[in-house]
Amino acid sequence: MSRGGAGAAGVSTRTVEVNGQPCRVWEKGAGEPVGFLAGIGGLAGWTPFLDRLAERRRVVVPSVPGFPGAQGHDVLDSQLDWILATQDLLEAAGLAGADLIGVSVGAALAADVGACARGMVRRLVLVGPLGVYDEGEPIADVWAQRPGDLPAMVCEEPERFRAAVAAPEGEDPVEAEVLLLRAHEAAARLLWPLSDTGLAKRLPRIRGPVLLVWGEADRVVPFGYARRFATLLGGEARVERVPGAGHLAELDAPDEVARRVLAFLDQ
Amino acid sequence: MKLLWFHLMPYTELPDDFREKNPSVWVDIDSSLFDPRRAHHMYNDFMDELEFASQCGFDGVCVNEHHSNGYGLMPSPNLIASTLARRTRDTAICVMGNSLALYNPPTRVAEEFAMLDCISGGRLIAGFPVGSPMDTCYAFGQNPSLLRPRYHEAHDLILRAWTTPEPFAFNGRFNQQRYVNIWPRPIQDPHPPIWIPGGGSVETWQWCAKMDYVYSYLSYFGYKAGRRTVHGFWQEMDRLGKDRNPYRAGFLQFVGVAETGRQAKELYREAAEYFYGRCLHVDSRFAMPPGYTTEATIRARVESQVVKAASKAVGRYDVAITFEEILEKGYVIVGTPDEVAERLRELALDLNVGQLMMLLQYGNMPKDLVAYNTKLFAEEVMPQVSGLFDDEWENRWWPNPMPTQQRAVPQALPESLAQPLPEARLQ
């Protein structure tokens with residue numbers, strides 16, 4: 001297990017295999033494990049939100065195929081392929097049966113693993129989850145944006161998104177750009193064109209407790225979806241809105257989201 | 001050299017303030033701007049123009065596929081091609097082409113192209129584009145990350161459908177069919193020549209070389225802007241050990257010809273400004289669906305044509321929309337027959353392209369001007385350039401039709417046939 005690489009002290013990096021392809025796993029902290037699946041764009045480096053969690057938990061951050069640090073999205077053709085790859089990734093990262101946090105794209109996958117492999121997830125946190133589409137209240141088209149417009153669409157403070165996906169110091173910015181485009185491609189591969197993975201049909205299978213977190217300024221998934229998720233979920237669901245935060249709420253409001261997530265996980 | 005007459009079929013009545021009042025000519029274009037009764041006349045005018053080009057002696061006529069597009073009214077070019085198969089005699093019919101991943105199953109393309117080849121007596125050129133992001137990913141909802149694998153699988157399926165004599169099962173990643181057994185089958189043996197319209201993707205060049213297909217760079221920005229891409233193509237051919245047969249490559253060029261240079265500039269100004277100002281007004285948000293452009297191409301920093309067009313439309317690349325600039329940048333070549341011939345000769349020799357697609361109708365060009373441009377070109381430009389390359393290279397990518405005397409002569413049934421049948425036939 002090597003140290004560093006994530007741009008923050010105390011973060012270890014290892015590689016696991018999914019479908020024979022390497023996927024990066026970051027880890028920091030001690031105590032009960034909690035998994036984290038990132039949102040649109042993935043993560044080029046460790047974030048303040050993950051640090052807040054790591055003060056109390058052992059935070060394990062596997063990168064799903066195609067997201068920065070991971071390859072192999074190009075062999076995933078169907079929803080079943082994606083669900084199984086995510087499940088394999090969580091198992092390989094040592095997260096079977098652990099608490100799991102998913103954001104945006106990562107939340108769509110986390111929810112599906114929770115629905116399809118019930119023993120895999122203990123307590124589930126979904127932050128601005130994609131995966132469900134309602135014609136009456138369409139999800140924004142994140143893939144039809146003019147160059148440079150995406151950061152302001154996914155974060156209340158666009159600089160926070162840019163920082164999360166920028167090349168860590170000393171790394172090739174062209175390569176970081178390619179990695180970001182690949183992460184967008186992977187998300188599009190899963191969610192194109194409407195962000196509807198058929199998840200609505202499977203949400204009733206999730207019987208454990210779920211925390212639904214929405215940034216008050218989410219410009220991608222309207223808040224109305226929180227009620228849809230809460231209604232469809234098979235178990236207890238709690239909804240929390242976070243002020244000053246956009247779609248990727250944990251980037252905009254790391255302390256606030258971490259506080260609410262930890263309170264939920266500790267119950 | 002082969003000279004083909006290409007029609008994009010632009011809607012000719014986009015309003016003067018289209019550019020100011022609309023974000024895009026493509027994908028989310030305002031449907032209230034489309035008048036079906038006016039389109040009735042446009043379609044018929046355009047088909048008249050294609051037929052006229054054939055009569056004037058162009059080697060081929062070209063049609064292509066676009067969706068939700070104000071400058072391309074052919075969601076199905078095969079419909080137009082089928083009328084051309086009936087209404088033209090010896091001209092090649094170039095469908096440029098069918099975006100393979102949009103047909104489900106792609107067997108449909110094998111069938112329709114075989115129909116066209118049969119109806120035309122073997123005159124079809126089969127174009128296999130991936131399709132633009134706007135057409136495929138946005139208007140037709142195809143997954144950009146799966147588009148190319150689907151395209152390649154569709155290609156393999158179509159080739160097998162054309163060339164396998166018995167029914168076969170196709171077990172693809174995206175298409176499964178227990179019985180592939182197309183009826184009709186193409187006249188051309190083993191199949192019609194295949195041309196690939198492409199942007200500047202290195203993989204496309206390599207694939208064309210491997211499959212021995214024509215690579216066709218359909219640039220709206222003319223010779224000057226296309227040089228780098230077409231030279232890049234030939235460098236790749238050199239690297240792969242392929243010969244420099246100019247018929248491996250196709251290129252698109254806008255032209256306006258007139259008796260004098262001054263007339264030419266006056267005659268073609270409006271149509272050119274309409275095309276570059278209104279027809280290429282594409283919202284850049286539809287230019288880059290993630291996964292459409294391969295990582296190798298992104299790394300090579302070679303941008304596709306459509307991406308450039310779209311980026312230009314918001315001013316990022318400064319697309320010329322005034323006639324003076326359009327001419328200066330070489331998007332459109334205008335001049336006397338001798339001047340145009342000289343510039344086309346220079347273009348063909350520098351780019352080393354043997355399959356030259358001429359856009360002699362563009363934007364809102366009126367029908368009489370289209371006829372004038374087409375006829376003058378055919379009579380006075382064509383003879384000056386058509387002999388290029390012919391003594392030196394063989395065009396292995398041109399249709400091989402049935403001999404003319406063996407082909408049907410399309411006509412309505414003569415009155416004389418509509419007689420009572422003889423008694424013996426009714427027994």
Side-chain angles (χ1 to χ4, degrees), chain A residues 39-42 64-68 71-82 85 105 130 133 135 138-154 165 172-197, chain B residues 23-24 26-28 67-68 101-102 132-150 152-153 171-176 203 281-303 307-308 310-317:
Chain A
I40 287 168
V64 300
F67 277 62
Q71 292 173 32
H73 64 293
D74 52 350
V75 299
L76 307 179
D77 294 340
S78 66
Q79 191 59 23
L80 182 60
D81 288 347
W82 277 100
V105 186
L130 291 163
Y133 184 85
E135 222 175 76
I139 287 174
D141 190 351
V142 289
W143 297 295
Q145 296 305 311
R146 297 189 183 106
D149 283 359
L150 188 68
M153 179 166 216
V154 296
V165 298
D172 180 5
V174 174
E175 202 51 30
E177 183 69 21
V178 170
L179 291 188
L180 177 59
L181 286 170
R182 191 189 293 162
H184 288 324
E185 175 183 344
R189 193 176 179 98
L190 171 72
L191 295 165
W192 192 275
L194 298 176
S195 304
D196 188 346
T197 59
Chain B
S24 189
W26 211 340
V27 183
D28 60 352
H67 300 277
S68 310
L102 303 187
S132 74
M134 300 79 171
D135 291 313
T136 57
C137 300
Y138 293 104
F140 261 42
Q142 286 294 308
N143 190 313
S145 179
L146 293 168
L147 187 69
R148 282 169 204 276
R150 279 184 185 279
H152 284 290
E153 181 176 308
N171 184 17
R173 189 169 163 191
F174 310 104
N175 302 277
Q176 286 93 34
E203 290 98 328
H281 180 57
V282 182
D283 195 329
S284 63
R285 71 195 191 96
F286 301 127
M288 284 277 285
Y292 178 87
T293 308
T294 64
E295 286 180 16
T297 302
I298 290 169
R299 284 206 170 87
R301 287 284 183 263
V302 182
E303 287 185 295
V307 171
K308 268 189 218 160
S311 309
K312 283 177 179 183
V314 289
R316 277 166 46 85
Y317 288 87

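Order of the sequence lines fixes the chain letters, A, B, ..., with proteins taken first and strands second; residue numbering starts at 1 for each chain.
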Region of A:D141 in contact with chain B, defined by heavy-atom distances below 4.5 Å: side chain
From B:N143 atom CG to A:R189 atom CZ, the distance as rounded to the nearest 0.5 Å: 7.0 Å
From CZ (B:R148) to CG (A:D74), nearest 0.5 Å: 14.0 Å
Nearest 0.5 Å, what's the CG-CZ distance between A:D149 and B:R285? 10.0 Å
So for atom CD, which belongs to A:E135, do other residues, nucleotides or ligands contribute more than 12 heavy atoms lying within a distance under 6.0 Å? no
Knowing that exactly one of B:P290, B:P289, B:S145 qualifies, which makes a side chain to side chain contact (heavy atoms under 4.5 Å, CB included) with A:H184? B:P290
Taking only residues two or more places apart in sequence or in another chain, which ones pass ring-ring contact (aromatic ring centres under 6.0 Å, His included) with A:Y133? none
Would you please indicate yes or no on a ring centroid separation below 6.0 angstrom for B:Y292 and A:W143? no
CG of A:L181 to OG1 of B:T294: how many Å apart, nearest 0.5 Å? 11.5 Å
Nearest heavy atoms of A:P193 and B:G141, plus distance in Å: CG-O, 4.1 Å
Ignoring hydrogens, what is the shortest heavy-atom contact between A:A144 and B:Y138? Give both atom names and the distance. CB-CE2, 3.7 Å
In Å and rounded to the nearest 0.5 Å, what is the CD to CD distance from B:E295 to A:E185? 6.5 Å
Evaluate A:D77 against B:F174 for side-chain contact (heavy atoms from CB on, under 4.5 Å), listing each step before the verdict. CA-CA 9 Å; A:D77 294 340; B:F174 310 104; 4.2 Å; yes
Run the salt-bridge test on B:D283 and A:R146 with the 4.0 Å N-O cut-off and return the result as yes or no. yes
Identify, with sequence neighbours excluded, every residue that meets ring-ring contact (aromatic ring centres under 6.0 Å, His included) alongside A:F67. none
